[in-house]
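Read through the structure below, which is laid out as structure tokens, and then see the notes.
Indexing begins at 1, ligand by ligand and atom by atom, following the structure's order. Count residues from 1 along the sequence. Predicted model only: the values in this text are computed from it and were never measured.
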Amino acid sequence: MSRILTFVLTAALAAACASTPPERQAIEDAAAALGGADRIAALTSLQVEGSGPAPNAGQNRLPEDELPVWQVSEHTRTIDLANNRTRVRQLREAKFMFAGATVQRVTQGLDGEVAYNAAPDGSLSRAGDAAARDRRMEMLHHPITIVRAALDPAARLANPRVEGNDQLVDVTTASGDTVTLAIDQTTHLPSKVTSMAANANMGDVAIVTTFSDYEDVNGVKLPRRLTTMMDKYLQFDLQVAKNSVNGDVSDLAVPDSVKSAPAPAPPPVVVTVEPVAKGIWWLAGSGNHRSIVFEFADHLVLFEAPVNEARTKAVIDKARTLSSKPLTKAIVSHHHFDHSGGLRVAVAEGLTIVTHRANEAFFKELLARRHTIVPDALEKNPRPATFEFVDDQMTLKDAVMEVQLYHLLDNPREGTNLYAYIPRERMLVQADLYDASWQQHLWGENVLANLAQRKLRIDRDVPVHGVIEPFDQMVKTIKAKPTIAGTN
Ligand SMILES: [Zn+2]
Ligand SMILES: [Zn+2]
């Protein structure tokens with residue numbers, strides 16, 4: 001090779017390198033490592049089959065305990081790359097004490113912008129826009145889909161940076177979704193994808209899927225392990241049994257009847273009021289999380305700030321219509337996410353939080369978190385929280401009302417649970433000790449033992465979940481121990 005030609009080639013190479021921005025170069029290197037941009041572009045579909053644990057965040061016995069786990073025994077994720085469709089089918093089994101069906105078959109899909117769910121009988125129904133967004137993001141949590149999306153000329157690549165052994169690039173897809181792709185600087189294979197999401201309890205969370213154990217399938221590199229975390233919580237650790245490409249995916253198209261149905265809006269929040277005794281109201285309505293209001297001599301106290309900001313704000317507003325006395329306290333029965341989803345709005349509304357002491361660190365952390373993606377009341381108007389912590393028991397009492405709070409002891413599922421007893425009414429007020437509609441009452445005997453140990457004489461159960469019942473009926477149902485009914 002002549003010296004001049006060498007010079008020209010070197011100069012051309014230098015120019016080419018100089019003209020390729022590092023974020024573009026990283027994507028091109030990743031595409032090459034995965035089997036080549038042309039091969040990736042020519043793929044029509046992916047299918048990932050496997051199994052693994054899917055823990056349930058916010059449902060552990062104590063806030064720092066291990067999470068209860070759904071074991072996913074069959075997981076099949078199919079992606080129609082050519083038509084922008086995806087479907088996940090799985091069979092999961094509860095490996096924890098669960099009051100509902102312990103074996104569940106779940107099918108969820110997305111066809112373009114249309115999300116849908118399949119019932120056990122196979123019938124499809126349209127799912128809401130939030131599900132569509134989640135599934136569109138989830139589709140990007142795979143090396144092939146994210147690199148294909150990044151190679152799209154309509155995608156924007158930005159903010160190249162290095163973190164550990166990874167090159168990071170922010171990718172905004174043609175449809176406007178932004179994720180961060182991490183590429184291993186040694187192998188040039190994608191190592192993880194991060195997207196930000198809004199969680200009702202935790203606010204801004206990073207959803208991170210790590211890819212490892214790559215194998216070669218028809219000339220394309222595919223991971224045999226995909227591990228998804230939501231911040232510090234494991235969501236799904238998928239061990240792949242079989243990766244396949246370019247299979248028949250014609251059945252991923254959703255029927256026109258589903259496509260033309262309107263996306264269901266979230267159901268409206270309805271709060272009904274049922275007086276259950278003098279100065280005690282049961283606030284029910286939409287959903288299956290009720291709250292109870294107690295009227296003291298000069299103030300009101302709420303039992304339970306559940307689900308999310310919308311539910312709890314509506315409950316607080318309703319409670320304030322029941323009396324001219326100020327609402328000053330919210331008893332948060334326990335830390336499970338569906339029971340503490342209104343914690344932040346209760347603080348934003350100036351209520352003192354009464355809860356078990358074991359929730360202190362966890363609740364303070366939840367209150368300190370940022371909610372910038374979907375700003376909530378506390379994000380918009382931060383204010384310090386006031387707490388009253390209960391250890392074994394506490395009595396709220398004045399001339400007109402007495403509410404005794406007790407810690408549920410030695411329960412295998414509920415480690416921070418406080419229930420209330422109103423001696424004048426012989427009334428039990430409780431969350432998750434019992435719901436008449438549960439398929440099984442696995443911790444019911446412990447509940448009855450607790451109530452006996454506290455020597456409570458109960459006539460009536462006024463629950464957070466389910467219906468108001470005579471206590472005799474509650475005992476009968478727990479002792480009947482109905483057989484477990486799984487659905488599939
Ligand atoms: Zn619970
Ligand atoms: Zn519950």
Side-chain angles (χ1 to χ4, degrees), residues 55-70 94-102 104 199-202 233 267 269 271 282-292 302-312 314-315 330-346 353-363 366 390 405-420 428-451 461-469 474 477-478:
N56 207 358
Q59 294 294 337
N60 39 9
R61 202 182 74 85
L62 294 168
E64 298 306 324
D65 273 9
E66 271 183 51
L67 299 180
V69 169
W70 287 98
K95 294 293 176 191
F96 57 98
M97 289 192 155
F98 186 60
T102 53
Q104 302 182 350
N199 178 277
N201 295 73
M202 297 172 66
Y233 297 116
V269 176
V271 182
W282 192 58
L283 274 49
S286 53
N288 186 24
H289 288 76
R290 293 77 157 85
S291 298
I292 295 90
L302 181 68
F303 186 98
E304 212 68 323
V307 187
N308 55 23
E309 175 164 290
R311 175 72 199 176
T312 291
V315 164
I331 299 160
V332 178
S333 70
H334 64 298
H335 69 285
H336 287 168
F337 272 174
D338 56 318
H339 294 267
S340 59
L343 171 71
R344 287 173 57 96
V345 70
I353 303 300
V354 181
T355 196
H356 191 265
R357 190 174 300 278
N359 293 327
E360 179 172 1
F362 185 61
F363 279 7
L366 289 176
V390 180
L405 297 174
Y406 294 100
H407 180 208
L408 184 70
L409 303 173
D410 304 319
N411 189 278
R413 184 187 141 108
E414 302 280 325
T416 69
N417 198 305
L418 294 180
Y419 57 93
L428 174 69
V429 171
Q430 55 79 19
D432 283 2
L433 273 57
Y434 168 81
D435 173 346
S437 72
W438 283 346
Q439 294 184 12
Q440 45 188 341
H441 299 277
L442 297 173
W443 51 96
E445 291 293 345
N446 167 273
V447 167
L448 297 182
N450 264 272
L451 302 177
D461 172 45
V462 177
V464 168
H465 295 308
V467 295
I468 297 170
E469 273 188 349
M474 170 173 161
T477 305
I478 287 173

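- In this structure, His289 has its ring center under 6.0 Å from that of His339.
- Using modelled atom types, one side-chain atom of Trp282 and one backbone atom of Pro463 make a donor-acceptor pair closer than 3.5 Å.
- Residues Leu433 and Trp443 approach most closely at O-NE1, 3.9 Å, considering heavy atoms.
- Looking at every heavy atom in both residues, Ala358 comes nearest to Pro63 through O-CG, 3.6 Å.
- Within the 3.5 Å criterion, the main-chain N or O of Asn60 finds no donor-acceptor partner in the side chain of Asp65.
- Here the Zn ion (ligand 1) has protein N, O or S atoms under 2.8 Å from it, and they come to 4.
- In terms of modelled atom types and a separation under 3.5 Å, the side chain of Asn288 and the main chain of Gly466 share a donor-acceptor contact.
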